[in-house]
Q: 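My questions will all concern the structure given below.
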Amino acid sequence: MTEYKPQQLDEKWQQEWTASKAFEVDVDPSRPKFYALEMFAYPSGHAHVGHVRNYIIGDVMARTKRMRGYNVLHPFGWDAFGLPAENAAIKTGTHPETSTLNNIAHMKGQLQRLGISYAWAREIATCRPDYYKFNQWIFLKMFERGLAYRKRSTVNWCPSCNTVLANEQVIDGRCWRCGSTVEARDLEQWFFRITQYADELLKGLDSLTEWPEKVVVMQRNWIGRSEGARITFRVAGSDQTFEIFTTRIDTIYGATFGVLAPEHPLVDRFAAESPEPQAFRARVAKFRSLDREARLTGAVEKEGFDTGRKAINPFTNEEVPIWIANFVLAEYGTGAIMAVPAHDDRDYEFARKYDLPIRIVVSHGDQTPASADAMTTPTTNYGVLVNSGPWNGREAPAVISDMIRDAEKRGIGKGEVQYRLKDWGISRQRYWGTPIPVIHCEKDGVVPVPYEDLPVELPKVAHFTGRGDSPLAQVADWVNVTCPKCGGPARRETDTMDTFVDSSWYFLRFADPTNSELPFDPVAAGYWMPVDFYSGGVEHAILHLLYSRFFTRVLRDVGLVNFDEPFTRLLTQGMVLKNGAVMSKSIGNVVDPDDMLQKYGADALRLYVMFVAPPEKEVEWSDAGLEGTFRFVFRVWRIVDHWAETVGGEGMPESSLAECTDAERALRRKTHDTIRRVTTDIEERMHLNTAVSSLMELVNELYSFSEGTAHGAPTRGEPPAGRIERPQTIAALREALDALVLMIAPFAPHTAEEMWKMMGHVGGLAAAKWPSFDPEVAKADHVEVPVQINGKVRARVTVPADASEDRLREVALSNTIVQSHTNGKTIRKVVIAKGPLVSVVVS
RNA sequence: GCGGAAGUGGCGGAACGGCAGACGCGCUAGCCUCAGGAGCUAGUUGGAGCAAUCCAGUCGGGGUUCAAAUCCCCGCUUCCGCACCA
């Protein structure tokens, strides 16, 4: 018996694949393409099994599709810019570039030891000038189109990372990366106008039928479209006005006060005009800080004060008080609202607290309280309007569009759509990122760097302090330049780009990773894109995936691509836990794949990770489970080794089903049944766990079948003797073993390659064809059909698998057990159901 | 509060309205072995029975159907996302 040494097989075949460039590909319009991609990696230093689960999932898909005849692009790269490397530099003095390149080298080795079939010739790293040059190129295109712009604004500032965060990067008032409490700061920032694509990004979600519903919903909520109206209120006794946004204009007759956000522009004017400006401002300031504090802790106490000013409701013409309160958000809508306490939870809470008037204007029949005083909770559903002048008796939603039309006619408002989505702030006051390619000239202002001067390369900075401003500001000979327009003295922009810019288009770069003129060749991208199968963590459900959809549309408008959606099918893989927690260095529960490779080899590890649960589910790591799949690979190895000499070879002996014994027919049937199941489990359902279990069943069947032959099943130290002469037996075994080896290859590629050779085949597995499914064989043999009487299975009958329904009915009813149950009763119905199953109904 | 997903053995999980618990882990017994944390065979939802077999059973309660883990309604629980978005 040939000894099974997984570690040696890993090494042997990995070298072979590299030498033969087995996974490198070129554009080939004559073949169907398949683009399999896993979210690229941040080079943190070491990949743990949680990370590699994702790469194995993608590799199973890529290897399967390759054997199915597709021209498969399966590349990998590094999301190499980012704060951790810079923070490490501050701590240890190692330059971010040095540590990043070291980390990449180590992690690349890990992935290669796992046997992931990447086209390494296409490897990219975002920190290389040949990559980030095109971040800058795309930035300039966006600048030309007004999609990149600069504005002063209050931003989220992380005091620990010393940089700005996008709204998406603030979670519960804390930095997504380090968990520090985020502060507000006023800074000049660069923004990408993603809001211009808000509606398109929202509508595009409908076409993403192969994305998890959950991710689509999260994006839809994030974009947060709401239809309503913008209505102008005049301030009584002045020419000042302010606008409010509402989705419930039907309740406007119940607006008993107005509320401004503390940051609303009118607040400063009110303060200035008030008798005691100082006191006024102090109160506002309190709400501003309160607002922020409240949002951090989640303890939300609504507070506010009456400005003493009145607003005129343009529908009722009555004067209502204007308040300032912490619960109105400056960033959303117009930063001001009409408060309708009878029909809005927040307004109701506020009105009760400060004893403001409540007026019911929507009736819900019996449910409606007799008076506002009797009201205990606001009613927020649509209903019939009351106390609403000419609109009484009308009903929402129909009345809403009529009221908007009326407001438009009278010039006091208009219908409007609001989005929760904000423009994307991309400026970061850090070193390790893409320099923003603009120059600030005293005379010409903001001047874009000319295309021919790209890339603007990062200068080598020797010293990292981690204080305040961008480290780039201290590199004088880099910062001080001449203006490209006037030749006068000028300074470079010293902020760098958010690293999410890097990851918003990298999937396109893989189509043409060495292009020095353009981000990528449109023809190459046209062939490979869109990504057919994309997998990664659900933590990127909003940020990365939304930005990538945005960039794809921008590049479409620039003329580089001709499609809208970059990722056809998305799989969000679940995390791997150890002792109930996500693996992390600080908890000390990291499972290093290299330890597992040492002990069991790549194939057992790959099989285990695929088998333990469906890919999208979270899993708990188990050493015992890994032992189990190791035993399985060993079991496969032994059965192949046992028979290779006896039944191996190319071609297939003559064998018709009719000549087969029952056992041979059963094995052939199992083989084809397994082919069907494994193929659909991988390609259609993405149930990689059940694909593996089907293969285990086939192996079990092979052992049972072997028991029935003169050679027996493989046991330790008993090599099979002699040859099998019967062609039907050879055919059944060879067919089953070939199919097994081929289908296990995506999961256990090293072992499969070796077994393929043992079976006497020439040429590697990548070039071999996936076994083909024969439905005739799959349904051969007799089948046992259960017979149900009044919903309960009472008997089983055996019929040829191709028996007609009439024949099946006849056999079932003649069965003795069935007859004992139906004896003397009227048979009302006999149904032949799929399954198959005979269902008899008696009275 | 709003939105989403899900509740099946000791455990991970199977079952695209048709024999519930495939496959694996763990456990039990036997075989083999100098030995085994190796291998092979059998068993493993609960209850009754020597047994063939029977009864109950997929969070709880109703319903649709010849047939429900699966579809519908009500309730409970868990996980996840958003969270003062007007």
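This structure is a prediction, so every number in the text was calculated from the model and none was measured. We name chains A, B, ... by the order of the sequence lines, and we start the count at 1 in each one.
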Q: On the 0 to 90° scale, with breaks at 30° and 60°, tag the A/Y608-A/W621 ring pair as parallel, tilted or perpendicular.
A: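 Plane angle over 60°, so perpendicular.
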Q: With syn defined as a glycosidic angle within 90° of 0 and anti as everything else, classify B/G9.
A: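 For B/G9, whose glycosidic angle is within 90° of 0, the conformation is syn.
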Q: What distance, rounded to whole Å, do you find between the two P atoms, one in B/A69 and one in B/G49?
A: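 About 28 Å, rounded to a whole number of Å.
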Q: Going by purine N1 to pyrimidine N3 plus the second Watson-Crick contact, or the G-U wobble pair, all under 3.5 Å, which nucleotide sits opposite B/C25?
A: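 WC or wobble partner is B/G10.
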Q: Mind calculating the distance between CZ (A/R676) and P (B/C16) to the nearest angstrom?
A: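 One finds 10 Å between P of B/C16 and CZ of A/R676, rounded.
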Q: Rounded to the nearest angstrom, tell me the gap between atom CG in A/L698 and atom P in B/C23.
A: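 These atoms are roughly 13 Å apart.
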Q: Measuring only the P atom in each nucleotide, how far is B/U44 from B/G24? A whole number of Å is fine.
A: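 Their P atoms lie roughly 14 Å apart.
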Q: Please give the nucleotide sitting opposite B/C79 as a Watson-Crick or G-U wobble pair, both distances under 3.5 Å, or none.
A: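 Because both required distances fall under 3.5 Å, B/C79 counts as paired with B/G4.
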Q: When you get a sec, tell me which of B/A86, B/C40, B/G4 is the closest nucleotide to the side chain of A/K214?
A: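 Selected nucleotide: B/G4.
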Q: Which is true for A/G628 with a 4.0 Å heavy-atom rule: it touches a base, it touches only sugar-phosphate, or it touches nothing?
A: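 Touches sugar-phosphate only.
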Q: Using atom CD1 of A/I789 as one end and atom P of B/A67 as the other, report the distance to the nearest whole Å.
A: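 One finds 14 Å between P of B/A67 and CD1 of A/I789, rounded.
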Q: Taking the same atom, C1', in B/G18 and in B/A38, what whole-Å distance lies between them?
A: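 Their C1' atoms lie roughly 42 Å apart.
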Q: If you look at every strand shown and take non-hydrogen atoms under 4.0 Å, does A/R685 touch a base, only sugar-phosphate, or nothing?
A: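 Touches sugar-phosphate only.
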Q: Could you tell me whether the side chain of A/Q788 has a donor or acceptor atom within less than 3.5 Å of a complementary atom in the base of B/G18?
A: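 Yes.
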Q: Salt-bridge test for A/D623 and A/K578: reply yes if a basic N is under 4.0 Å from a carboxylate O, no otherwise.
A: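 No, A/D623 and A/K578 are not salt-bridged.
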Q: Tell me whether the guanidinium CZ or amine NZ of A/K302 lies under 6.0 angstrom from the six-membered ring centre of A/F327 and within 45° of its axis.
A: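 So A/K302 does make the cation-pi contact.
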Q: Paired with B/U70 by Watson-Crick or G-U wobble geometry, both distances under 3.5 Å: which nucleotide is it?
A: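 Checking every strand shown, B/U70 finds no partner, since no pair has both distances under 3.5 Å.
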Q: Could A/D673 and A/R676 be called an ion pair, given the rule that one side-chain N must be under 4.0 Å from one carboxylate O?
A: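 Yes, A/D673 and A/R676 are salt-bridged.
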Q: Under a 3.5 Å cut-off for both distances, is B/G17 Watson-Crick or wobble paired, and to whom?
A: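 Partner of B/G17: none found under 3.5 Å.
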Q: Would a 4.5 Å heavy-atom cut-off, applied to side chains only, mark A/M338 and A/T251 as touching?
A: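 Yes; the side chains approach each other to less than 4.5 Å.
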Q: Please determine if a side-chain N or O atom of A/R420 lies less than 4.0 Å away from the OP1 or OP2 oxygen of B/A83.
A: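 Answer yes for this pair, as a side-chain N or O of A/R420 is under 4.0 Å from OP1 or OP2.
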Q: What does A/D345 touch in the nucleic acid at a heavy-atom separation under 4.0 angstrom: a base, only the sugar-phosphate, or nothing?
A: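 Contact class for A/D345: none.
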Q: Could you tell me whether the phosphate oxygens of B/A22, OP1 or OP2, come under 4.0 Å of any side-chain nitrogen or oxygen in A/S694?
A: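 It does not, given that no N or O in the side chain of A/S694 lies less than 4.0 Å from OP1 or OP2 of B/A22.
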Q: Please determine whether any donor N or O and acceptor N or O are separated by less than 3.5 Å between the side chain of A/K829 and the base of B/C66.
A: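 Answer is no: no donor-acceptor pair is held.
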Q: Provide the distance between the two P atoms, one in B/A68 and one in B/U77, to the nearest whole Å.
A: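 Their P atoms lie roughly 28 Å apart.
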Q: With a cut-off of less than 4.0 Å, is there a side-chain N or O of A/R638 near OP1 or OP2 of B/C40?
A: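 Yes, A/R638 has a side-chain N/O under 4.0 Å of OP1/OP2 on B/C40.
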Q: The side chain of A/N700 is closest to which nucleotide in this list: B/C66, B/G24, B/G3?
A: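 Per side-chain heavy atoms of A/N700, the pick is B/G24.
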Q: Please state the C1' separation for the pair B/A5 and B/C59 - nearest whole angstrom.
A: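 Nearest-Å result for B/A5 against B/C59 at atom C1': 16 Å.
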Q: A/R631 has an atom CZ; how far is it from atom C1' of B/C25, in whole Å?
A: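 Rounded to the whole Å, the gap is 8 Å.
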Q: Using modelled atom types only, decide if a donor and an acceptor are shared between the side chain of A/Q418 and the backbone of A/E227 within a distance under 3.5 Å.
A: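 Not a single qualifying donor-acceptor pair exists.
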Q: What is the base-pairing partner of B/A52, counting Watson-Crick and G-U wobble geometry with both distances under 3.5 Å?
A: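 By the stated definition (distances under 3.5 Å), nothing pairs with B/A52.
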Q: Counting just side-chain N and O atoms, does A/N221 come under 4.0 Å of either OP1 or OP2 of B/A83?
A: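 Indeed not, no polar side-chain atom of A/N221 lies that close.
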Q: Say we look at B/A52 and B/G46: how far apart would their P atoms be, to the nearest angstrom?
A: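 Looking at atom P only, B/A52 and B/G46 are 16 Å apart.
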Q: Categorize A/S839 for me: base, sugar-phosphate, or nothing, with a 4.0 angstrom heavy-atom threshold over every strand shown.
A: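 Answer is base: heavy atoms of A/S839 come under 4.0 Å of a base.
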Q: CD of A/E627 versus C1' of B/G36: gap in Å, rounded?
A: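 Rounded to whole Å, this separation is 14 Å.
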Q: Roughly, in whole Å, what's the span from CE in A/M218 to C1' in B/A5?
A: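 Rounding to the nearest Å, CE of A/M218 and C1' of B/A5 are 12 Å apart.
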Q: Just wondering, do A/L266 and A/L260 contact through their side chains at under 4.5 Å, heavy atoms?
A: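 A/L260 reaches A/L266 side chain to side chain.
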Q: Considering only the C1' atoms, how many Å lie between B/G17 and B/G3, rounded to the nearest integer?
A: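 Taking atom C1' in both B/G17 and B/G3, they lie 29 Å apart.
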Q: Between atom OH in A/Y608 and atom C1' in B/G12, what is the gap in whole Å?
A: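 A/Y608 atom OH is separated from B/G12 atom C1' by 8 Å.
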Q: Return the nearest nucleotide to the side chain of A/V612; candidates are B/G18, B/G12, B/C40.
A: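 Within the option list, the nearest is B/G12.
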Q: Could you say whether A/I832 or A/D347 is positioned toward the 5' end of RNA chain B, judged by the nucleotide with the nearest heavy atom to each?
A: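 This one resolves to A/I832.
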Q: Report the residue (A/D344 or A/H687) whose heavy-atom-nearest nucleotide on RNA chain B is the more 5′ of the two.
A: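 Of the two residues, A/H687 wins.
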Q: Take atom P in B/C2 and the same atom in B/A20, then report the distance between them in whole Å.
A: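 About 39 Å, rounded to a whole number of Å.
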Q: When the distance from CG of A/L626 to P of B/G26 is rounded to whole Å, what number comes out?
A: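 Result: 12 Å.
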Q: Write down the partner of B/C40 under the Watson-Crick or G-U wobble criteria, each distance required to be under 3.5 Å.
A: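 B/G30 is the nucleotide pairing with B/C40.
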Q: What does A/N689 touch in the nucleic acid at a heavy-atom separation under 4.0 angstrom: a base, only the sugar-phosphate, or nothing?
A: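 Answer is sugar-phosphate: A/N689 comes under 4.0 Å of backbone atoms only.
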Q: Touch check for A/R635, heavy atoms < 4.0 angstrom, all strands: base, sugar-phosphate only, or nothing?
A: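 Touches sugar-phosphate only.
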Q: What is the pairing partner of B/G57, taking Watson-Crick or G-U wobble pairs with both distances under 3.5 Å in any strand?
A: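 The base-pairing partner of B/G57, which may sit in any strand shown, does not exist here.
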Q: Side chains of A/T572 and A/K214: closer than 4.5 Å at any heavy-atom pair?
A: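 Side-chain contact under 4.5 Å: no.
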